Structure formats: structure tokens, C-alpha cells
Amino acid sequence: MISETDMKIYDIVRQIPAGKVAAYGTVAELAGNRRWAQAVGNALHRNPLPFSLENDNSSDMLIPCHRVVNAKGRLAVNFAAGGIQAQTVLLERENVHVVQNSVDLELYAWHPAEE
DNA sequence: AACATGACATAAG
DNA sequence: CCTTATGCCATGT
């Protein structure tokens with residue numbers, strides 16, 4: 001069963017454009033409450049559809065969770081599908097350079113207002 | 001209801 | 001940079 005909060009969270013994450021990343025806290029805030037950061041991580045961890053490798057993103061439930069990093073740009077060590085390595089590959093695939101398991105937020109941080 | 005856990009954030013040492 | 005400690009919220013036992 002997907003809760004209201006999860007819906008909001010997934011909805012926000014789905015809006016992150018390719019080539020950009022958003023922090024858990026940012027997603028939480030956009031979803032409605034700044035303090036859901038931890039919950040966002042949990043929600044994504046048990047996320048039903050993590051991402052689509054080569055799929056054409058035809059499904060509305062696709063959630064690009066690899067574009068979500070922590071406040072310092074660090075990747076998720078316990079990334080559900082394949083760990084941090086998988087997340088790295090997915091990001092690199094979108095031209096988001098990953099160095100030392102981190103990304104440069106100055107370059108890739110997603111700013112919703114600029115959509 | 002109580003307690004433990006987690007893909008977090010922030011502050012402090 | 002790293003480790004602790006504290007606070008948050010949602011879940012699972």
C-alpha cells in the first residue's frame with residue numbers, strides 16, 4: 001500500500017530531470033515537509049520501480065531514484081538495486097560525473113524554479 | 001502502544 | 001575528512 005506521503009515523494013522525484021540531482025531534504029521539502037528526509041530514503045529503498053535501464057520511460061511509475069543524493073552530494077551506499085556502483089553508472093549515463101562517490105551539487109543540483 | 005531501524009540532516013569535536 | 005550525538009518521519013516487529 002502506498003501512502004499519501006510516498007505518493008508525494010515519488011511525484012517529486014519523478015520530476016527530477018535527467019542530468020540533475022536532488023537532495024533527500026530537497027525532495028522532502030518539495031513534497032511538503034522538510035523533515036521527511038529520512039522517510040524519503042526509506043520510501044525509495046522499498047521503491048517498487050527504481051528506474052528503467054534502457055526502457056523508454058513509458059511508465060508513469062518510474063522513479064529515477066538514482067538522481068537523489070544526500071545533502072553533501074554523496075551517493076547512497078545502500079542503493080537498493082545494485083548499490084552505489086549501480087547508482088554511479090546510472091548517473092554517469094546522464095553525464096553526471098561522479099567522483100569519490102559524490103557529485104558536485106554546484107553543477108548538478110536541481111532547481112525546480114528553473115524548470 | 002513500545003521499541004528498533006533506516007538510501008537523512010545538522011551540529012559539534 | 002571522520003565519528004558521535006540528536007532530531008525527524010515512516011515502517012516493521
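Only a predicted model underlies this, so the values are computations on that prediction, with no experimental measurement involved. Numbers restart at 1 for each chain; the letters A, B, ... are given by sequence-line order, proteins then strands.
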Exercise for the section: May I ask you to say what A:Asn70 touches in the nucleic acid, namely base, sugar-phosphate or nothing, with a heavy-atom cut-off under 4.0 Å? Expected result: sugar-phosphate

Handout entry: A:Trp36 vs B:dC8: side-chain N/O to OP1/OP2 distance below 4.0 Å
Key = no

Exercise for the section: Might you work through the side-chain contact (heavy atoms from CB on, under 4.5 Å) test for A:Leu62 and A:Arg14, ending with a clear yes or no? Expected result: CA-CA 7 Å; A:Leu62 290 178; A:Arg14 266 200 304 276; 5.6 Å; no

Exercise for the section: Calculate the interatomic distance between A:Leu30 atom CG and B:dC8 atom P; express it in whole Å. Expected result: 18 Å

Handout entry: Closest heavy-atom pair and its distance - A:Ala81, A:Ala86
Key = O-CB, 3.2 Å

Problem - Interatomic distance where CZ belongs to A:Phe79 and P belongs to B:dC8 [whole Å] - result: 13 Å

Measure all distances between protein nitrogen or oxygen atoms and nitrogen or oxygen atoms of nucleotides 1-3 of chain C, and list the pairs falling under 3.5 Å.
none

Exercise for the section: Check whether any side-chain N or O of A:Thr26 sits under 4.0 Å from OP1 or OP2 of B:dA9, and answer yes or no. Expected result: no

Completion exercise
Taken to the nearest whole Å, CG/A:Asn33 to P/C:dC8 is 11 Å

Handout entry: Spacing between A:Tyr10 atom OH and B:dA7 atom C1', to the nearest angstrom
Key = 12 Å

Completion exercise
Looking only at heavy atoms, the pair that brings A:Val68 and A:Ala23 closest together is CG1-C, 4.4 Å

Problem - From C:dA10, B:dA9, B:dA7, nucleotide with atom closest to A:Arg46 side chain - result: C:dA10

Practice task
Step through the shown structure and confirm whether more than 12 heavy atoms of other residues, nucleotides or ligands are within 6.0 Å of CD on A:Gln85.
Solution key: no

Practice task
Return yes if some donor-acceptor pair links the side-chain N/O of A:Glu94 with the main-chain N/O of A:Gly19 below 3.5 Å, else return no.
Solution key: yes

Exercise for the section: For residues A:Gln87 and A:Val98, determine if any side-chain heavy atom of one lies less than 4.5 Å from a side-chain heavy atom of the other. Expected result: no

Fill in the blank from the handout: With the side chain defined as heavy atoms from C-beta on, A:Ala39 is closest, among B:dA9, B:dT10, C:dC9, to C:dC9

Completion exercise
Ranking A:Asn42 and A:Ala71 by the position along DNA chain B of their nearest nucleotide, the one closer to 5' is A:Asn42

Practice task
In whole angstrom, give the distance that lies between atom CZ of A:Arg35 and atom C1' of B:dT10.
Solution key: 13 Å

Handout entry: A:Asn101 to A:Arg74 - nearest heavy-atom pair and separation
Key = CB-NH1, 2.7 Å

Exercise for the section: Measure the distance from CD1 on A:Ile9 to P on C:dC8 and round it to the nearest whole Å. Expected result: 18 Å

Problem - Stem regions touching DNA chain B, defined by at least 3 consecutive Watson-Crick or wobble G-U pairs below 3.5 angstrom - result: B:2-6 with C:9-13, B:8-13 with C:2-7

Practice task
Quick one: closest heavy-atom pair of A:Trp36 and A:Ala31, and the distance?
Solution key: CZ3-O, 3.6 Å

Handout entry: Pair of N/O donor and acceptor under 3.5 Å linking B:dC8 base with A:Gln38 side chain
Key = yes

Practice task
Return the minimal non-hydrogen interatomic distance between A:Ala80 and A:His45, and the atom names on each side.
Solution key: CB-O, 3.8 Å

Problem - Closest contact, heavy atoms only, A:Arg67 versus A:Leu91 - result: CA-CD2, 4.2 Å

Practice task
Rounded to the nearest angstrom, tell me the gap between atom CG in A:Asp6 and atom P in C:dG12.
Solution key: 10 Å

Problem - Residue met sooner reading DNA chain B from 5', once A:Arg34 and A:Gly41 are mapped to nucleotides - result: A:Gly41

Exercise for the section: Calculate the interatomic distance between A:Lys8 atom NZ and C:dC9 atom P; express it in whole Å. Expected result: 14 Å

